[in-house]
Amino acid sequence: MRYKTPMTRFNPLEELARVKHTFGEHGGVNMSIEASTTFTVTAAEVMPEIFSGRRTADQDGCFLYGRHFNPTVFTLGREIAAVESMQEGYCCASGMAAISAAILQLCSAGDHIVASNAVYGGTFAFLRDFLPAKAGIHTTFVAPDDLAAMEAAITPRTRLIFAESLSNPTLVVADIAALSKLAHAHEAALVIDNTFCPLMITPALHGADVVVHSLTKFMNGASDIIGGAVCGSAEFVTDLMDLNMGSLMLLGPTMDPRIAFEVSMRLPHLGLRMAEHSRRALELCTRLDKLEVPVVYPGLAQHPQHELFTGMLNEGFGYGGIFSIDAGSTDSANQLMEYLQNHHRFGFMAVSLGYSETLMSCSGSSTSSELSDDEQRAVGISPGLVRISIGYTGSLEQRWGQLHDALRHCGLVTKSG
Ligand code: PLP
């Protein structure tokens, strides 16, 4: 591993270990799943106190109704807030639920957003199409690494800047500290989607006000659960759950407590998984680069923001499990993915990421297809871009042999390696 500049001293795993352990109802080492939609009280007068906010889940252990707070979901929220170095976190039904709830809480009709133009296609469509049509909230998209353009896009109605810590699928790094300074100078909030970089980057340390996650990806790691999380100040999370104006409370994308339990059980090995995803991605990309395959990975020294990214990283989790190869055309990308899947079982042609197996997709015709051809060109999504979320099954040498053979078979590499 080449770590060129000092990294942060923050250790998210130590923070996770500091979260007060919740034992099961009968002394089980794991917390119980509180599979109740509603909660009883010992005295009738307690109920209005809960409704008025005078008795709360965190301070008094008082719960009201499952869509508001559930003890199991609440525990997972505390754990994710701890690794994100945020006061509070709340978990919901999907990453899109987290993103939409955070944005709707911060913006009202007529407000404005400045967003990175390099974001997941669903987020892009939500900002470009859904919000103006349904809520009168407009977004200006700007390259996240062009701070002057970001500043120029800000208006008196700008309430937030939105970016992904590492963008999907172009792997552009957000300069979170600079974006935070910019947002705060204009009394706006900085919202960071940290889905690609759990544990690796802690956006709050660099000035983010709100951090959102799709728990569907690395956090759960098994491609079996859809979930999301929003982290922020205690005040912000309380606002999200407000009975009259809370976006999570009123739109209702609630996480099931059984799901919260599952995700919570996987957090203790998230660090091991991230380190292995990263170790393999760095090794494969280094070898691809030597063979002059057009590969993009922030761990490679030639990535334009390698130094910036390195300086933001928490030590021990590497540069992440995602890289891309430009196969030159959609046909060539499809041929490569089909050979890798059907001949070698190197991985699967599927969207999503952060799985134990390798997942491959041609972003322009899948997870970024919400962007027009012009928009894709502007953000650097070439038609042949294959996004690869590298898994950790099999051995590294076995996977390298398969990848190298497939690239040769498809005429994408002529050198031996
Ligand atoms: N954020 C990023 C960076 C993503 O890649 C995705 C989905 O691919 C999402 C958010 C949305 O997450 P979910 O599918 O859990 O709603």
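Numbers here are sequence positions counted from 1.
Shown here is M245, whose CE atom has no more than 12 heavy atoms of other residues, nucleotides or ligands within 6.0 Å.
The backbone N or O of G227 lies less than 3.5 Å from a partner atom in the side chain of T216, making a donor-acceptor pair. With H303 contributing its side chain and V173 its backbone, the two residues share no donor-acceptor pair below 3.5 Å. Checked by atom type and distance alone, the side chain of R67 never pairs as donor or acceptor with a backbone atom of T37 at under 3.5 Å. A donor-acceptor pair is defined here as one N or O able to donate and one able to accept, closer than 3.5 Å; such a pair exists between the side chain of N70 and the backbone of E34. With hydrogens and angles disregarded, no donor-acceptor distance shorter than 3.5 Å links the side chain of E88 to the backbone of V237. Between the side chain of H409 and the backbone N or O of Q335, no donor-acceptor pair lies under 3.5 Å. With hydrogens and angles ignored, the 3.5 Å screen pairs a side-chain donor or acceptor of N220 with a backbone N or O of L215. Under a 3.5 Å cut-off, the side chain of T286 and the backbone N or O of L282 do form a donor-acceptor pair.
Just one residue in the list L248, I99, I137 forms a side-chain contact (heavy atoms from CB on, under 4.5 Å) with L104, and that residue is I137.
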* Could you please spell out the steps behind the side chain to side chain contact (heavy atoms under 4.5 Å, CB included) verdict for R387 and I322? => CA-CA 7 Å; R387 186 189 73 190; I322 317 266; 3.8 Å; yes
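Minimum heavy-atom separation, E25 to S32: N-OG, 2.6 Å. A260 approaches T72 most closely through the heavy-atom pair CB-O, 3.9 Å. Smallest separation of non-hydrogen atoms from G380 and L385: O-CD1, 4.1 Å. Here the closest heavy-atom approach between residue V142 and residue M150 is recorded as CG1-N, 3.6 Å. In this structure, S247 and A101 approach most closely via the heavy-atom pair OG-O, 2.8 Å. Of all heavy-atom pairs spanning T254 and A93, the tightest one is O-CB, 3.6 Å.
Checked by atom type, the side-chain pair Q402/H343 shows no donor-acceptor distance below 3.5 Å.
Ion pairing of E262 with R266 is present here, as a side-chain N (NZ or NE/NH1/NH2) and a carboxylate O approach within less than 4.0 Å. A salt bridge links R18 with E15; the closest basic N to acidic carboxylate O contact falls under 4.0 Å.
Ring-plane geometry between Y319 and Y297 is classed as perpendicular, the angle between the planes exceeding 60 degrees on a 0 to 90 degree scale with a lower cut at 30. A perpendicular orientation is assigned to the rings of F74 and F69, their planes being inclined by more than 60° (bins at 30° and 60°). Between F348 and Y355, the two ring planes are tilted [angle within 30° to 60°].
Side-chain contact check for P169 versus S324: every heavy-atom pair is 4.5 Å or farther apart.
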